[in-house]
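Quick caveat, the model's predicted, so the values are computed rather than measured.
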2 protein chains.
Amino acid sequence: MAKRGPYGKGIERREQILDAALRTIAERGYLATSVAELAEAVGLSQGGLLHYFGSKEELFVAVLRRRDETDLAGVHGPAPAAFVDIVRRNATVPGLIELFTHMQAAAADPRHPAHDYMLERYQLGTEGLSLALREMRRTGSLPEDLDTDGAATMFFALADGLQARWLIDPSIDMAALLEQWWDRYTTAGQR
Amino acid sequence: MAKRGPYGKGIERREQILDAALRTIAERGYLATSVAELAEAVGLSQGGLLHYFGSKEELFVAVLRRRDETDLAGVHGPAPAAFVDIVRRNATVPGLIELFTHMQAAAADPRHPAHDYMLERYQLGTEGLSLALREMRRTGSLPEDLDTDGAATMFFALADGLQARWLIDPSIDMAALLEQWWDRYTTAGQR
DNA sequence: GTCTATATCTGGATAGAC
DNA sequence: GTCTATCCAGATATAGAC
């Protein structure tokens, strides 16, 4: 017997809402987006929307989580280049970067819903990249003395920092700088 | 004749306000700080405070500018290490980092008062560091093929990114990572 | 599950007296 | 220059009907 309630239609609706919210935020940005705005874009009332997500902040976090999922699903090729690709693609949706930047700032408060999300993201990202780097180091394509955890932490901090700046000053080439970092940083001490 | 008005007492008062605001924000953080809060800390009414700064945002930007001035005034020694010292010192005033992070996010809107401030800061910072790097490169202490503008841009993006993350996850050692970056990045291709 | 309506709140800005 | 008082806008969250 096909269950109703949270399973079935409900969970699908949630996905639809998330998709619409993602699109709206990507287009209009974080500041221009209130819950009412989002509800309208999704064809729901404010109350209707909040039925699925308890609060505005939680909805926003859910949007970021969804984005991460689709980003990771589209990952191909070796670790660092794949992440640079994500950054490159992000440049086409400044609204989402803006959302992330605001959330990152707000997440400084441990009680904020984005706090745990950010911690998870840092941990998973660093772990994943560090693992890949260790493997590369093992096969000799990276210097033996490379601190892979440190490098991974740096990569994400650099990527996030570049994105925050790019939003204000689009003259910088985020992807190029990340690649430059990668080339130079990982070959140091090798020759 | 000693002028009154904006000059003399007025300008001093402004400084006092800025100092008190700086302290308050450093202690309580950005979110917990409303104009009323600030006014109280400074011993003024809300209206009194807003007499000096037109709006909340402008006041916040003024606080950041002031912070930059005192930071730069305390700079000693060679360029990169001095900046790392600033980051190290920042770790004692998370509230200010939080303020900066929020402002950086808000500055994505070109109409926001923090927008121009951020642009200036990026430009001055990058110029200054890049100049120092060029000098070091000239004297042979840096690789000849180092892109100094790129490296300077990276440094600040990395520093800002690390600070934003550190606010959420204080387990990382910002200064150590910056030094690690500096060592490895600038010696690449040198041996 | 979804809508309407509303409660409530917070906070920034303003006007005018002193 | 500074205070008091007020206004106003915007937004979230909630209650309850359908």
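- For B/S45, counting side-chain heavy atoms from C-beta on, the closest listed nucleotide (C/dG12, C/dT4, D/dT4) is D/dT4.
- Of the options A/E120, A/E58, A/E15, a salt bridge (Lys or Arg N to Asp or Glu O under 4.0 Å) to A/R65 is made by A/E120 and by none of the others.
- At whole-Å resolution of the value, CD in B/Q16 and P in D/dG1 are 12 Å apart.
- Of the candidates C/dG12, D/dC3, C/dC3, the closest approach to any side-chain atom of A/L44 belongs to C/dC3.
- Atom NZ of A/K56 is separated from atom P of D/dG10 by 14 Å (rounded to the nearest Å).
- Not less than 6.0 angstrom separates the ring centroid of B/F155 from the ring centroid of B/Y185.
- For A/S55, the side-chain atoms get nearest to D/dA13 when compared with the rest of D/dA13, C/dA13, D/dG1.
- Summarising the geometry, the separation between CD on B/E40 and C1' on D/dT4 is reported as 16 Å, rounded to the nearest angstrom.
- Of the listed nucleotides (C/dC3, D/dG1, D/dT12), D/dG1 has the atom at the smallest distance from the side chain of B/H51.
- As a whole-Å value, the separation of B/R14 CZ from D/dG1 P is 12 Å.
- Going from atom CZ of A/F53 over to atom C1' of D/dA13 covers 16 Å, rounded to whole Å.
- Candidate nucleotides D/dA13, C/dT14, C/dG1 were compared by shortest atom distance to the side chain of B/L50, and C/dT14 ranks first.
- Within the 6.0 Å centre-distance limit, the rings of A/Y30 and A/F60 are counted as a close aromatic pair.
- The residue A/L49 sits apart from the nucleic acid: no heavy atom pair falls under 4.0 Å.
- In terms of hydrophobic clustering, with Ile, Leu, Val, Met, Phe, Trp and Tyr side chains grouped at heavy-atom distances under 4.5 Å, A/L72 and A/L178 are assigned to a common cluster.
- Remark: the B/Q46 side chain and the C/dA13 base include a donor-acceptor N/O pair separated by less than 3.5 Å.
- If you check every strand for non-hydrogen atoms under 4.0 Å, B/S34 touches sugar and phosphate atoms only.
- What separates CG of B/L59 from C1' of C/dA13 is a distance of 14 Å, to the nearest Å.
- Figure legend: cation-pi geometry between A/R165 and B/Y122, with NZ or CZ positioned under 6.0 Å from the six-membered ring centre and within 45° of its axis.
- Counting to the nearest Å, the P atom of C/dT10 and the CD atom of B/E37 are 12 Å from each other.
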